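Here the structure is laid out as structure tokens; the discussion comes afterwards.
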Number of protein chains: 2
Amino acid sequence: MTKDIPKLRPEPPLTSATRPYHHGDLRTALLAAAEAELADRGMEGFSLRSVAKRAGVSHAAPAHHFGDAKGLLTALAAEGFRQFLAAQAAREAVADRDPASQLVAAGLGYVDFALARPTLFRLLWQSERPDFSDADLGEAARAAYTHLVNQVTGAGGRSTADEAAVWAIAHGLADLLAAGRLRSVGSLLQPARDAMLAAIIRRALPGAA
Amino acid sequence: MTKDIPKLRPEPPLTSATRPYHHGDLRTALLAAAEAELADRGMEGFSLRSVAKRAGVSHAAPAHHFGDAKGLLTALAAEGFRQFLAAQAAREAVADRDPASQLVAAGLGYVDFALARPTLFRLLWQSERPDFSDADLGEAARAAYTHLVNQVTGAGGRSTADEAAVWAIAHGLADLLAAGRLRSVGSLLQPARDAMLAAIIRRALPGAA
DNA sequence: CTCCTATCTTGACAGTGTCAGGATATGGAG
DNA sequence: CTCCATATCCTGACACTGTCAAGATAGGAG
């Protein structure tokens, strides 16, 4: 008899037949979905509801974990800054140990990240959507900045001009390439492109000749 | 007697008591309103309806002149590129006539524009909203690029690396300053800042020492 | 077993861009 | 001067967005 059935979940909301009410790790699932959403709908096409749908969850579910859309993008930006630093560390690990080579390697990692995740790169550097006064995001961003300063001073940089020059040239290359400009460099094959980027970055170095 | 009144416009739609039905030059008024909207609501807060309200016109009025929001932002970006070039020309006019000084002046104009109109700067370089395949916008952007190449070759640049280095360093400085980063440079007073920027830009020059 | 709390859903609201159809003004033909 | 074709602008509607309030569900502490 149907009466025996205790309460029978109203509907397995059609999105996933066997989805449990509680997701388990919705927070990280939403972050992953948000990054995917940014990657293929772009910064301006980003939709919180679409992110929720991507994670197989109702449109208001993200609110409990992140408050609002700004909160989600703030958390994503913090995670992005950590990946940003990781991309630089990956290059540094396979480069020569001398300070100048390490600095150039960091610059190549800077560009790697921008090319691999252009929209996330924009979220970090040009968007107004994340809350940059957030503690976690602030710390992640500060870590990236500190790493840059350390690299520059390690390579012999003494003035703020040295610091600014290195940062600007790496950032300029990364941003232009991420936007699809600078085709003369962007269309090069990986090894040739790395060589050219390295040569350009070296121009900003303190003792460059 | 009220009967004599021929037709009596239903309502001077409250926005402006004496507004005529036809605006006169709504197209340019909308462009100005759009730029103002970008300036104080930012790229992500941009609203077509708000732009229309700003111009004192109904929410669907822009459609006839620009098609859709993308069309408006495309026209605004084209106009922006022309102002972008004008900012460089203004610096070049008051600089020494030798090619290297002219190139540095162009870089200072690049930064001037980014600082004066940060959101418009982003519309030109990082947004996906304008239609960059549009003829007018394409021509305006190409003109800016051509000017850069001419400046570099004029200053002795021969390789694509020279071109990329100059572009990247000017763009990097402009973008970071527009975003409020690079405080060590951005917080300087105008003369000191110009001097430092010029010194940094010179590092990218072909024959830099 | 009971209840408390965190988690998730549903339903509503105002605001957005876009489209269809109607209103109004302007300039030129007669 | 009249009349009308056309460009210009408005109103109303639609689907979609982010956010809020209120209810449903699950998991764990007592």
Side-chain angles (χ1 to χ4, degrees), chain A residues 5-31 33-34 37-38 41-74 76 127-131, chain B residues 5-16 18-30 33-34 37-38 41-74 76 127-131:
Chain A
I5 302 174
K7 229 172 181 192
L8 186 57
R9 199 183 312 156
E11 271 209 12
L14 296 156
T15 51
S16 170
T18 56
R19 172 158 60 89
Y21 199 96
H22 283 8
H23 184 285
D25 195 4
L26 182 56
R27 195 190 140 87
T28 60
L30 283 173
L31 284 174
E37 173 83 354
L38 275 186
R41 299 228 311 183
M43 185 79 251
E44 2 249 0
F46 181 87
S47 156
L48 187 59
R49 285 173 112 104
S50 174
V51 169
K53 193 169 302 183
R54 217 180 260 263
V57 95
S58 89
H59 65 263
H64 190 270
H65 292 273
F66 299 100
D68 53 3
K70 181 180 282 284
L72 206 184
L73 291 170
T74 299
L76 183 60
S127 181
E128 308 154 10
R129 304 190 68 169
D131 176 17
Chain B
I5 301 174
K7 229 174 182 190
L8 186 58
R9 200 180 311 155
E11 270 209 11
L14 295 157
T15 50
S16 169
T18 57
R19 173 158 61 86
Y21 198 94
H22 283 10
H23 184 284
D25 196 4
L26 181 57
R27 194 191 140 87
T28 60
L30 284 172
E37 173 83 355
L38 276 185
R41 301 230 307 184
M43 185 80 250
E44 1 250 2
F46 181 87
S47 156
L48 187 58
R49 284 173 113 106
S50 174
V51 169
K53 194 169 302 181
R54 215 181 262 263
V57 96
S58 89
H59 66 263
H64 190 269
H65 291 273
F66 299 101
D68 53 3
K70 181 180 280 284
L72 205 185
L73 291 171
T74 299
L76 184 59
S127 179
E128 307 154 9
R129 303 188 69 168
D131 176 17

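Computed from a predicted model, the values in this text were never measured in an experiment.
A 4.5 Å side-chain heavy-atom check between F46(A) and V51(A) finds at least one atom pair inside the cut-off. Residues L31(A) and L72(A) form a side-chain contact, since some pair of their non-hydrogen atoms from C-beta on lies under 4.5 Å apart.
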Quick test: give all pairs of protein nitrogen or oxygen and nucleotides 15-17 of chain C nitrogen or oxygen below 3.5 Å, distance rounded to 0.1 Å.
unit_1  : atom_1 : unit_2 : atom_2 : d
dT16(C) : OP1    : S47(B) : OG     : 3.4
dG17(C) : OP1    : L48(B) : N      : 2.4
dG17(C) : OP2    : L48(B) : N      : 3.1
dG17(C) : OP2    : R49(B) : N      : 2.8
dG17(C) : N7     : R49(B) : NH1    : 2.4
dG17(C) : O6     : R49(B) : NH1    : 3.0

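Axis angle between the ends of the helix from dC1(C)-dG30(D) to dG30(C)-dC1(D), five pairs each and rounded to 10 degrees, works out to 10°.
Residue H64(A) has a polar side-chain atom (N or O) positioned under 4.0 Å from OP1 or OP2 of dT7(C).
Rounding to whole angstrom units, CZ of residue F66(A) and C1' of dG18(D) are separated by 16 Å. In this structure, H65(A) atom NE2 and dA6(C) atom P are separated by 12 Å, rounded to whole Å. Following rounding to the nearest Å, E44(B) (CD) and dG18(D) (P) show an atom-to-atom distance of 13 Å. Rounded to an integer number of Å, the gap from CG of L26(A) to C1' of dG27(D) is 16 Å.
A distance of 8.5 Å separates NZ of K70(B) from CD of E128(B), quoted to the nearest 0.5 Å.
With sequence neighbours excluded, the residues that form a side-chain contact (heavy atoms from CB on, under 4.5 Å) with T28(A) are D25(A). Not counting sequence neighbours, the partners of H59(A) by the side-chain contact (heavy atoms from CB on, under 4.5 Å) test are R49(A). For A63(A), the side-chain contact (heavy atoms from CB on, under 4.5 Å) criterion is met by no residue, not counting sequence neighbours. Applying the side-chain contact (heavy atoms from CB on, under 4.5 Å) test to A52(A) and every residue at least two apart in sequence or in another chain returns V57(A), P62(A).
Among the protein residues, A61(B) comes within range of the sugar-phosphate backbone only, with heavy atoms under 4.0 Å from sugar or phosphate atoms but none that close to a base.
A distance-only check finds no donor-acceptor pair linking the side chain of E44(B) to the backbone of S127(A) [under 3.5 Å].
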